[in-house]
Amino acid sequence: PLHESAWKAAEASAARGAEALGRTDEGHWYLTVSTTRPETMLGDTAVAVHPDDERYALLVGVDVELPLTGRTIPVISDAFVDPDFGTGMVKVTPAHDPNDFEIARRNDLEFLDILTPEARMSENAPERFQGMGRFEARKAVVAALEAQGLYAGEKLHTHQVPHCYRCGTVVEPRLSEQWFVRMAPLAHPALQASLDGTVTFAPTRWKKVYEDWLENIRDWCISRQLWWGHRIPVWYCRDCDEQVVSRDDPTACPGCGSQRLEQDPDVLDTWFSSWLWPFSVFGWPDATDDLRAFYPTHTLSTAPEILFFWVARMVMAGYEFLGEEPFAQVYIHGTVRDKLGRKMSKSLGNGIDPLEVVDRFGADALRFTLISAAGVGTDIYLDPEDLEASFAPGRNFANKVWNAGRFTLMSLGDGPVAPPSEVDDDLELADRWILSRLSRTTAQVTRDLERFRLHEVAERLAYEFFWGELADWYLELVKPRLRGEAGEASRQAARSTLVTVFDAVCRLLHPLVPFVTTALWNRLPFPEGEGRPEDLIVAPWPDPVPIWENPEAESGLAALQELITEVRSLRKEYGVKEGRGISLEIGAVPESFRGTLDVEMRSLQRLASVESVAIGDEFQGRIGAHAVLKSGMELFLPLEGVIDLDQERARLRGEIRRLEGQLAGAEKKLANESFVSRAPQEVVERENEKARSFREQLDKLIEKLSDLEGA
RNA sequence: GGGCGCUUAGCUCAGCUGGUCUAGAGCGCCUGCCUUACAAGCAGGAGGUCACUGGUUCGAAUCCAGUAGCGCCCACCA
């Protein structure tokens with residue numbers, strides 16, 4: 001209800017479309033406001049409108065009677081109010097709403113706390129409501145308004161209310177006294193550290209998030225009403241106004257000498273101790289050796305949701321207490337989520353028990369799986385219901401390392417191992433190849449680790465290098481040599497190479513699969529005269545060895561692989577049983593591959609499972625499987641009686657179609673004037689080379705096909 | 001409401017400075033193998049209009065804009 005003195009203004013306002021205004025049958029003016037929490041009206045100390053809202057301009061400053069309370073409160077204006085929401089008029093409850101609290105501070109309003117800590121109506125509420133719970137009071141207030149004919153009705157309004165993260169109870173804001181830390185002076189150096197690159201973030205997008213928060217820094221409430229924690233070191237004197245802040249428990253008030261001191265019942269926010277972590281773990285505030293040796297640290301690895309709570313505050317504390325940043329890099333890893341995208345958490349109970357994973361798949365499998373899933377800036381989705389799907393690959397890899405390691409140790413035997421430099425002259429293609437691959441892999445993996453590209457490390461080092469190159473090819477290639485079948489010099493060269501490579505790969509893999517690599521490395525013989533580090537975990541990280549990098553060995557072995565793979569593929573295509581010995585004929589051998597072929601003849605026979613290999617080009621008119629490799633090399637498997645000619649023709653046609661497509665693509669590019677003139681020379685050259693190779697293969701295949709058409 | 005991210009094979013995801021990408025891996029699937037390191041394995045295979053539309057460029061999964069869908073974080077209007 002409005003005081004009669006304001007009725008004139010009300011009438012004028014109503015003419016301007018003031019929606020909140022109404023009039024009783026008796027002609028009394030009143031205001032209607034809406035709320036989702038009717039009981040809070042008992043604590044209202046104003047009604048607010050927007051300063052630019054013409055409809056209500058005349059009413060600002062008038063008094064209204066607040067029903068049920070006997071109190072009179074003013075209409076005020078504040079920019080917070082949204083004129084387009086509801087009637088454009090808001091009730092203001094400073095003690096029980098954060099926004100209203102701010103409005104009250106700006107407008108010098110009263111604060112009336114009508115709730116007890118237990119969320120019952122306090123002595124500040126009208127007597128008839130005192131002691132009621134808030135929900136009970138809500139009903140009672142509505143009923144009381146209704147009884148007085150002051151209730152305008154209700155309307156559905158969907159909004160979100162804060163709930164306790166543990167018990168789900170609706171949280172009511174309530175005025176209280178808390179300790180705060182003034183943050184602006186602390187934030188400044190922490191912001192500067194990011195701006196000037198002293199502290200960097202990976203992925204880089206977190207840099208902006210960090211800086212935005214510090215630029216809009218708010219004071220930090222450090223009081224917590226919890227049972228556990230560091231108690232706030234403040235004592236209040238019961239006999240005077242003195243407050244004592246002290247490290248030691250004071251016994252008497254320094255102001256009046258009273259002994260009646262009472263410590264603040266609250267405890268400190270957990271982060272108030274956690275932000276000291278980078279140096280408190282080293283014994284700070286004592287100037288310990290550890291602190292000198294290890295502070296500042298290098299990289300902090302942490303989760304995105306505590307970037308502000310913890311990371312930013314550690315940087316602040318670092319500068320504040322030690323004058324130096326606590327770490328140079330912050331790596332923000334992904335969050336592990338369940339199938340529905342929910343963060344795995346104890347309270348949701350949607351997590352995976354790491355101990356169960358360790359039990360079923362092994363600790364290395366757990367670690368490896370998470371690393372191989374850790375794409376930069378991406379979350380990790382795992383299905384708690386299907387651990388097999390998530391962790392089997394990790395277990396399989398660890399198992400592979402174990403088996404390859406067992407084989408390595410067994411094959412090396414006991415004799416002394418020569419350092420690689422001493423067997424240099426005896427190194428064979430496979431040795432030179434794997435050393436070359438090792439050096440390149442080392443360089444790549446080191447770079448990937450430095451850039452936190454952990455999943456790339458898993459892919460390149462574990463799958464491509466260890467499994468795909470070392471286990472699948474090198475170990476297979478050197479088996480006979482390790483058995484001594486190619487002579488002692490060859491055996492020693494292979495042993496030396498294998499020890500070198502296995503030692504290095506254990507060091508590289510150690511961060512991914514620490515347990516299995518340690519178990520193997522401890523038993524790995526070391527070359528004569530080479531010092532053995534104390535333990536794998538402290539063994540120096542391998543460096544790339546540029547003199548090992550050997551493009552000829554790599555291309556030679558690649559050609560050998562292609563040859564072997566093609567033979568295997570053809571055998572399979574025509575269902576040639578494992579046991580059945582067949583012969584292989586190779587033609588058009590490139591000059592550069594002749595030497596390799598001679599030397600690796602045995603490897604070829606063994607790995608392609610062919611009984612004999614002949615070099616020649618008398619394939620014309622003969623029945624069998626034909627193929628042409630990238631280098632133009634031709635191969636022929638005489639399979640008369642086994643091969644189905646229709647199938648062979650179809651296969652050749654398929655090959656021809658594939659090559660024609662590739663050739664067409666390359667030729668189209670090369671026919672494009674602007675490609676030839678604008679693309680870098682080497683790109684054009686490469687395209688030319690591709691086209692040439694496609695054409696050569698194509699010509700040969702077409703010839704073979706036409707050869708068969710007549711048969 | 002503000003900010004950010006994602007969309008590529010049946011599934012989970014790589015693909016960095018545009019050109020070896022007619023696009024890879026693991027799992028799953030098909031075929032053949034218990035080959036004295038490994039069947040949790042070996043060998044061979046099938047499977048993709050790179051969400052859509054437009055733009056930039058000699059050239060786009062990749063860069064830009066828009067659209068659709070999915071998701072995360074922060075704030076929260078009585």
Could you give the distance separating [M] and [N] at their [atom1] atoms, to the nearest angstrom?
N      : M      : atom1 : result
B:rC72 : B:rU12 : P     : 16 Å
B:rG5  : B:rC13 : C1'   : 16 Å
B:rC50 : B:rA9  : C1'   : 10 Å
B:rU62 : B:rA14 : C1'   : 13 Å
B:rA39 : B:rC34 : P     : 13 Å
B:rG54 : B:rC76 : C1'   : 37 Å
B:rG24 : B:rA68 : C1'   : 28 Å
B:rU17 : B:rC63 : P     : 8 Å

May I have the list of side-chain donor-acceptor pairs in residues 41-52 of chain A shorter than 3.5 Å, sequence neighbours left out?
unit_1	atom_1	unit_2	atom_2	d
A:Asp44	OD1	A:Lys91	NZ	3.1
A:Asp44	OD1	A:Thr93	OG1	2.6
A:Thr45	OG1	A:Glu110	O	2.9
A:His50	ND1	A:Asp52	N	3.0

Candidate nucleotides B:rA14, B:rC4, B:rU12, ranked by approach to the side chain of A:Arg205 - the nearest: B:rC4
Closest of B:rC27, B:rA14, B:rG5 to the A:His455 side chain is B:rA14
Checking A:Glu573 against A:Ser569 for the side chain to side chain donor-acceptor pair (under 3.5 Å) test, could you report, in this order, the C-alpha distance in whole Å, the side-chain angles of both residues, the deciding distance, and whether it holds? CA-CA 6 Å; A:Glu573 175 98 18; A:Ser569 176; 5.2 Å; no
Carboxylate-amine/guanidinium proximity below 4.0 Å for [X] and [Y]:
X        : Y        : answer
A:Glu172 : A:Arg37  : yes
A:Glu388 : A:Arg395 : yes
A:Glu648 : A:Arg651 : yes

Working note: A:Lys479 + A:Phe407, criterion side chain to side chain contact (heavy atoms under 4.5 Å, CB included); need CA distance, chi angles, decisive distance, verdict. CA-CA 10 Å; A:Lys479 273 178 180 174; A:Phe407 173 72; 3.4 Å; yes
Run the side chain to side chain contact (heavy atoms under 4.5 Å, CB included) check on A:Ile380 and A:Thr369 step by step: do they pass? CA-CA 10 Å; A:Ile380 297 172; A:Thr369 296; over 6 Å; no
Give a yes or no on whether A:Tyr463 atom OH has more than 12 heavy-atom contacts from other residues, nucleotides or ligands under 6.0 Å away.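 Count over threshold, so yes.
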More than 12 heavy atoms of other groups within 6.0 Å of A:Phe515 CZ: no
Would you mind reading off the distance between [X] atom [atom1] and [N] atom [atom2], rounded to a whole angstrom?
X        : N      : atom1 : atom2 : result
A:Ile380 : B:rA14 : CD1   : P     : 10 Å
A:Asn216 : B:rG3  : CG    : C1'   : 12 Å
A:Leu387 : B:rC27 : CG    : C1'   : 15 Å
A:Lys91  : B:rC77 : NZ    : P     : 12 Å
A:Phe368 : B:rC27 : CZ    : P     : 11 Å
A:Glu388 : B:rG26 : CD    : C1'   : 13 Å
A:Glu464 : B:rG15 : CD    : C1'   : 11 Å
A:His50  : B:rC77 : NE2   : P     : 17 Å

Evaluate the ring planes of [X] and [Y], with Trp represented by its six-membered ring, and classify them as parallel (under 30°), tilted (30 to 60°) or perpendicular (over 60°).
X        : Y        : result
A:Tyr210 : A:Phe201 : tilted
A:Phe101 : A:Phe111 : tilted
A:Trp213 : A:Phe308 : parallel

Describe the nucleic acid contact of [X] in one word from base, sugar-phosphate, nothing, applying a heavy-atom distance below 4.0 Å.
X        : result
A:Asn99  : sugar-phosphate
A:Phe85  : base
A:Arg460 : base
A:Gln662 : base

Convert the base pairs of RNA chain B into dot-bracket notation, remembering that pairs crossing earlier ones are written with [ ] and that bases paired across to another strand are shown as |; include only Watson-Crick or G-U pairs under 3.5 Å. (((((((..((((.....[....)))).(((((.......))))).....(((((..]....))))))))))))....
Please tell me which of A:Thr36 and A:Asp379 maps to the more 5' nucleotide of RNA chain B, matching each residue to the nucleotide holding its nearest heavy atom. A:Asp379
Can you work out whether A:Met89 or A:Asn672 has the more 5'-proximal nearest nucleotide on RNA chain B?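 Going by which nucleotide is closer to the 5' end, it is A:Asn672.
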Contacts of A:Arg695 meeting side-chain hydrogen bond (donor to acceptor under 3.5 Å, both in side chains) (sequence neighbours excluded), chain-then-number -> A:Glu667
How does protein reach along nucleotides 33-44 of chain B, written 5' to 3' as B (base within reach of a heavy atom under 4.0 Å), S (only sugar-phosphate), or - (no contact)? ----BB-BSSBS
Under the salt bridge (charged side-chain N to carboxylate O under 4.0 Å, His left out) test, which residues partner A:Glu19, sequence neighbours left out? A:Arg55
Does A:Arg451 get its side chain close enough to the base of B:rC16, under 3.5 Å, for a donor-acceptor pair?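 Between B:rC16 and A:Arg451, which were checked side chain against base, a qualifying N/O pair under 3.5 Å is present.
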B:rG32 phosphate, OP1 or OP2: any side-chain N/O from A:Arg571 under 4.0 angstrom?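 No, outside the criterion.
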Pairs under 3.5 angstrom, nitrogen or oxygen only, protein versus nucleotides 19-21 of chain B, please.
unit_1	atom_1	unit_2	atom_2	d
B:rG19	O2'	A:Arg686	NH1	3.2

